[in-house]
Amino acid sequence: MGRGVVADFGPSELISGLCHTDTLDPFPVWRDGAISPCFNQLVLGALAHTVVAVFSACYLSAQRLVSALLVALFFVGDLVLVALLHRGDMYLDVLADGCAILSWLVHFGALLVLQRSIHRRTRGPSLLLLLVLLPIPNLVVTLLAYAQDTTYLDLAEPLRVARLVLAAARGLPLLVYLLAFAAPCVGEGSYTSMSVNDADSSLLIPESSYQETGAMVAEDGSGCISRLLYLWLNPLLRRGRRGELERPCDVYLLPRRLPANMRLLKVLHKAFGLRYYLLGVLKLAGNMLGFAGPLLLSSLVTYMEEEGAPFSRGAWCATGLFFSTLFSALIRNLFVFEVSKVSLSARAALVSSIYGKALRVNGGGLAARFTLGEVVNFMSTDTDRVVNFFNSFHEMWSLPFQFSIALYLLYLQVGVAFLGGLGVALLLVPLNKVLASKIMENNKHMLTHKDSRVKLMTEVLFGIRVIKFYNWEAYFAQKIAACRRQELSHLKAIKYLDALCVYTWGALPVVISIITFVTYVLLGHELTAAKVFTTLALVGMLILPLNSFPWVLNGTLEAKVSLDRIQRFLKLPNQDLDAYFSHVAPEDPQDTIVMSSETESTKGSLLLHSLNLTITKGSLVVVVGKVGCGKSSLLAAITGELNRRAGVVYVQGRENGFGLAAQEPWIQHATVRDNILFGRDYNSSFYQAVVEACALTDDINILPNGDRTEVGENGVNLSGGQKARLALARAVYMEKDIFLLDDPLAAVDTDVAHHLMERCIMGILRSKTRILCTHRIEFVDKADVVILMDNGTIIKTGSTPEEVLPLVEAVPKNRKNDSNAKEKDVIEREEEQGPSNELFAEVESSLSGEEQKAVGGLAWKVYHAYWRAVGGALAVSILLSLLLMQASKNVSDWWLSHWISNLKNNGSAQSVLMPAYSSPHMLLFSPGGLISEVKFYLTVYGSIAGANTIFTAIRAFLFAYGGIRAASVVHNRLLDTVLKATVTFFDTTPLGRVLNRFSSDLYSVDDTLPFFLNILLANIFGLLGMLVVMSYGLPWVLVPLLPLGLLYHCTQRFYRHTSRDLKRLCSLTLSPVYSHFSETLSGLGTIRASSSASRFEEENERRLEQNQRCLFLSNAAMQWLDIRLQMIGVVVVTGIGVIAVVQHQFKSIDPGLVGLSLSYALSITGLLSGLIFSFTQTEMQLVSVERTEEYSTTLPTEPQHSNPQVPTSWPEQGWVEFRGAVLSYREGLPNALDGVSLVVRPGEKVGVVGRTGSGKSTLFLALFRMVELNQGQILLDGVDTRQVGLAQLRSKLAIIPQDPFMFSGTVRENLDPCGRHPDPQLLEVLEHCHLSPVINRIGGLGAEVGERGKSLSLGQRQLLCLARALLTEANILCIDEATASVDQKTDKLLQQTIREKFQDKTVLTIAHRINTILDSDRVLVMHSGKVVEFDTPADLCQRDDSIFCKLVGGRGE
């Protein structure tokens, strides 16, 4: 096979063959009095063009485009002529022409890209001129050579003449190019290279005088060197080093080529196609250069083995190593950065499209097809997967390409011996495929269980207060734990399969090397140092494509699945208002809304049908009807949120939108003022009028920062009444022509309801068209038209209230429907809204402060916490197995070099030292004694390698086990603490923040952290092993290594400060994008009704742009570091080469050890950047441990003790006594209860009244010990509640809370989650609460109630909560405005039920409907946290100064 020839073939032979020169002087610079063609074509031609290509690619003027293309075409012509001439040095010309074609095409691409960028009408960067000047010497030398060679002027040689003509013609486009550069066509539209944004073309201050990084544009306008080495990042990195990167606005603006608002998917290919495919050229160049390493290594070691080889040959090898590693580093770095830019643009496009679609999609279609969580997932998980595809695409073609080249080079090294090793590797590919598909499958199941766990957790956090009232924590903890167990079982499978993968690939290089070398030796060849180490390096290069390919494939498939999911969402029908509404105006121009005989399908099981309705301009229409009859659906039909199946809907001026106040008020996470303004300009006088009309003046005065006070998520720190009035104020401030008011009076007390009716609905809105849905029938007489609805249809329309009223009144008489103020929602007592808000505002700032930055590095306690979670003994054994694995790998490589040195020494006694034996004979059959020696070496080598595979296996499986154990421990501790946390914590912490700990942070701990930690540990041990081996082989290497190590340390420290801050800013700016999206989804009705969709889209783009800025700079910083590490690697490799060559001159070197050191050094750049990358990533993921740990250890928790002395039957009588109770929600806030003393006798029924914020709800919170008293005590049957365990206390009290909380599950689970009661009892309770017909309609006890009880109306949910209370056999019942959203008839029946069922029990009722408590035994009147009156209703009504008396009198009876 001519293997000897192969072995002899080094760089000098390669160059002399290429240039057609003498092997002793393969690369002459000067020949026959002129520059040699070899030097001209290789250095002045090929090298110059390579530089042009590399630097042009940084930039990935019409005359210049054409010039670049022409030059490329001339070279193509020259290439054809060279092939036809077929001269001896033809390959030299082919190489030079090929490089030239490639470089001019890349340059052409760069110009194309520049033309679309900010340099469009300018010269562009001056570096381009330099690049074009580089190949000119080559052109001049070539023309001179042709002129001196007469054959080129001989017409009998047409091909040669043509070459001369083509060479001369090349000068012409270059001239045009230079002229076009000298006089560019700069028009008015020209940009300056560093303007901040499109609107402002003023030049920014030069960098030197710069302090404020937030106004700088990243990358644009920086020179080429600055781009290659990322020097433009230095000001930002310095700022990060000083710890001044605190806010998203501190980072650079995005470069102009990265817009934050691209549109739709089809444009992905169009928008990023060309630029993205051009990057493939870079990828190809990088891959080719990667193979130069092993080949040069082979030449260098061959040179070492030859005594007396010329010094120049070694010098050339060392130089080659330097250039190949340098260019490879530059090209790869550039490629990664450019790809990251393309994927960022694609991400912006996807996020904007999904957000835009959500705003336009048909309401019914969205609700029917996707849950809120799924839609948010499209924007997070699915978008990320699609974006990751951009990284995998180029790998898809380049990995097989790398694989084939590596195989071919292996064949050149060891001939057919490589087939054995390859066979093993190929056998593993199907195994890998099976493992990968198994992992994917488990992953899918794991994510499903994770989704259900997070969904459950969301509901638990949403209803945490109710869960605490009912003492259900243990039940929900169990339920969540069950989900978690299922999730972990799949995680376990994933991790063990993963370990199997890690094991097979970890052991593979050793196995392949063994098989290859054994086969090679058995075939009768002798191993040489050059062969062994080149083969080792190539095997390493072979493993990478084999290992990565299945993952790349999976990534691509995942992206495809996600893209399909997003596509399915984007294909949902849009809300088509033009088709929904009729355009034919009615005959009477005064008719504003006309609906006729139509059928509308709506969200629940209810169908609106046979609606005939005409509403005149400026009239007040009141819609009444019992719970769940379709009042809210009627309003949805008017705004176009339902699907119209037949009939006509006409709304005058619908383009301007409606003023909508929804039944469940949607409040934004913004200040009170921003909530009211809702994007409109601030008009002081009108604003004050609206605030006054909506009775918000007092509330705003109490707030700590007035109307600048921040309102929490979903208005968490406002009472129900305040939320309703805030939503009403927002609707009024919109100044629309039509107002749709869905029960805004339900959640406020009587005098506030009158105020709203007179000052707002009949006052500020008197000239507008108003549709008011309400249960408060005392206001019906103000209406112009009254509509009575039942079962989705209008059963009566009366122009006078008298026609409809008798049908809805509980007692036929105009009685005031004093709907209970929903005024409680948490902490709402008078001062307490203020307080709670203040509480919120202050805690918010402190919490979000922590959220932003747990400043600086991670504390050791975080590492310690994770170590404890894994378990000390286990952690130690993992480290030990890693150490043994690395040591055995290094020893096996050292053994090889030892074997070779011995062979060489023995061989020198027998024959001349040649790289291969002249007569290869099969060693198997050799009669001599060599066989036993070979056997010995092979046996030892095999045993070491075998041990290595065992250690690899142990390490892989131990690590997987440790990761799962840690995940389990971290979750359990977190869940335990959060469920025990005090209510105050939940009131002051946005729900999303807590949820984040349970979703993304736990996902990190489960999956991402172990993944990166595994890589990090492997890298650390790998690097240590490499340093030991290199120092052993070439002790002189330690000289450059020490300063380089110091440099490495400083660089990574400089980087890590900024990197960490940028990563934190990335997460910090990402939350607002998602929270804004989910807020938009929940307020879709209001946003669309008021025609504010475009403003919300702009807001989304603003938030997205902030996040993109941080992400872009985070990527850039990573590449900044990468290029510096690569340079360190280049120095190390070159250093080893130079040291080896110098030592060879002094004859003091063992080629085996040089080969060993170099084969390790070639992978040093990968290891160094891998080390920092994995360290940074691990640190980033450990932030998740830090965040969960922060909750597990620092949350304020409720006391958990219980008191065994308390009898199980306590409290038997139901005696309640408050003694001097004082309670404030936080230090420095006014007291919400201020010295309350009162006694409620057993079996007494007490009604509690008072203005919003007087401390009524606080009484209940204190009774249940949701908030602990500051002083005083509360006694039940004479036992101080503080002496009793919380679980004992709460299980003995029953409450019907103000917010009807339901979790998704069946009706049965919602009534009796712990399963303590039989079904007949449950059905009986539903019967008492008048819910049986509804429950039977939706499918009985087993029917699902939907997310947060979606399939029941608000009133029906309140009835279900009453049914829960009836089930608890408690002697004390607290009712907190339980019937706010229930019509009068039902309310009457309910009061009767409560009276019968709790006849001999103590009942405390907070009410806003006075009639609810008129028959109470006594009435308690609260004001500012004090007891003002406490007596029987009859006695209080006798007293003239009684507040209660005034309330009763104000009922207008």
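Starting from 1, each residue takes its place in the sequence as its number.
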For S513 and L536 the tightest heavy-atom approach is OG-CD2, 3.6 Å
If I compare all heavy atoms of L497 with all of K438, which pair ends up nearest, and what's the gap?
CD1-CB, 3.7 Å
All N/O donor-acceptor pairs, side-chain side in residues 1019-1029, below 3.5 Å, sequence neighbours left out:
| unit_1 | atom_1 | unit_2 | atom_2 | d |
| --- | --- | --- | --- | --- |
| N1019 | ND2 | G1170 | O | 3.2 |
| N1019 | ND2 | S1174 | OG | 3.4 |

Any donor-acceptor pair under 3.5 Å from R1187 side chain to R997 backbone
no
Identify the two heavy atoms, one from V1005 and one from A967, that lie closest to each other, and give their separation to 0.1 Å.
CG1-CA, 4.1 Å
Step through the shown structure and confirm whether more than 12 heavy atoms of other residues, nucleotides or ligands are within 6.0 Å of CZ on F1054.
yes
Would you call the rings of Y863 and W860 parallel, tilted or perpendicular, where under 30° means parallel and over 60° means perpendicular?
tilted
Beyond-backbone contact of F998 with L975, side-chain heavy atoms, under 4.5 angstrom:
yes
List the steps and the verdict of side chain to side chain contact (heavy atoms under 4.5 Å, CB included) for V342 and F393.
CA-CA 12 Å; V342 174; F393 172 74; over 6 Å; no
Check whether N1107 reaches the backbone of C1066 with its side chain - one donor and one acceptor, N or O, closer than 3.5 Å.
yes
Assess whether atom CZ of F1011 is packed by more than 12 heavy atoms of other residues, nucleotides or ligands within 6.0 Å.
no
Candidate pair N1115 and Q1119, rule side chain to side chain donor-acceptor pair (under 3.5 Å), full reasoning:
CA-CA 6 Å; N1115 289 343; Q1119 296 314 110; over 6 Å; no
Main-chain N/O of L491 paired with N442 side-chain donor or acceptor, under 3.5 Å
no
Run through R453, H449, K450, H971 and flag the one making a side-chain hydrogen bond (donor to acceptor under 3.5 Å, both in side chains) with E487.
R453
Are F1112 and F337 an aromatic pair, judged by ring center distance below 6.0 Å?
yes
Please test T381 against S562 for side chain to side chain contact (heavy atoms under 4.5 Å, CB included), starting from the C-alpha separation and ending with a verdict.
CA-CA 8 Å; T381 321; S562 288; over 6 Å; no
Output, in order, the C-alpha distance, side-chain angles, deciding distance and verdict of salt bridge (charged side-chain N to carboxylate O under 4.0 Å, His left out) for R332 and D1122.
CA-CA 10 Å; R332 282 179 186 171; D1122 181 67; over 6 Å; no
Tell me the closest heavy-atom pair linking I514 and A945, and the distance in Å.
CD1-CB, 2.9 Å
Do the side chain of S968 and the main chain of I964 share a donor and acceptor less than 3.5 angstrom apart?
no
May I have the step-by-step check of salt bridge (charged side-chain N to carboxylate O under 4.0 Å, His left out) for K861 and E1186, ending in yes or no?
CA-CA 9 Å; K861 65 168 195 236; E1186 179 181 44; over 6 Å; no
Ion pair present between D451 and K455, side-chain N to carboxylate O less than 4.0 angstrom?
no
If you compare all heavy atoms of A1018 against all heavy atoms of R955, which two are closest, and at what distance to 0.1 Å?
CB-NH2, 3.9 Å
Mark yes or no for whether S1059, through its side chain, and Y1055, through its backbone, hold a donor-acceptor pair below 3.5 Å.
no
May I have the step-by-step check of salt bridge (charged side-chain N to carboxylate O under 4.0 Å, His left out) for D1006 and R484, ending in yes or no?
CA-CA 11 Å; D1006 287 355; R484 178 68 176 167; 2.9 Å; yes
With a 4.0 Å cut-off, would you call R565 and E374 a salt bridge?
no
Could you tell me whether the side chain of T383 and the main chain of F378 form a donor-acceptor pair under 3.5 Å?
yes
Is the backbone of W1120 close enough, under 3.5 Å, to the side chain of R1124 for a donor and an acceptor to pair up by distance?
yes
Quick one: salt bridge (charged side-chain N to carboxylate O under 4.0 Å, His left out) pairs with a partner in residues 881-891, sequence neighbours left out?
K889-D893
N972 side, atom CG; I480 side, atom CD1 - distance, nearest 0.5 Å
11.0 Å
Tell me if a side-chain donor or acceptor on N948 pairs with a main-chain N or O of M885 at a distance below 3.5 Å.
yes
I want to check something: taking the side chain as every heavy atom from C-beta on, are F951 and L882 in contact at a cut-off of under 4.5 Å?
no
Answer yes or no: is there an ion pair linking K341 with E338, defined by an N-O contact shorter than 4.0 Å?
yes
After noting the C-alpha distance and the side-chain angles of V339 and V336, does the key distance pass the side chain to side chain contact (heavy atoms under 4.5 Å, CB included) rule?
CA-CA 5 Å; V339 167; V336 171; 6.0 Å; no
Distance-only polar pair, side chains of Q1106 and T1069, donor-acceptor under 3.5 Å:
no
Please check if the side chain of E1189 supplies one atom and the backbone of V862 the other of a donor-acceptor pair under 3.5 Å.
no
Does the side chain of E395 come within less than 4.5 Å of K283's, by heavy atoms?
yes
Start with the C-alpha distance between F403 and L422, add both sets of side-chain angles, then the distance that settles side chain to side chain contact (heavy atoms under 4.5 Å, CB included), and finish with yes or no.
CA-CA 11 Å; F403 186 67; L422 176 69; 3.7 Å; yes
If you compare all heavy atoms of G286 against all heavy atoms of I331, which two are closest, and at what distance to 0.1 Å?
N-CG2, 3.7 Å
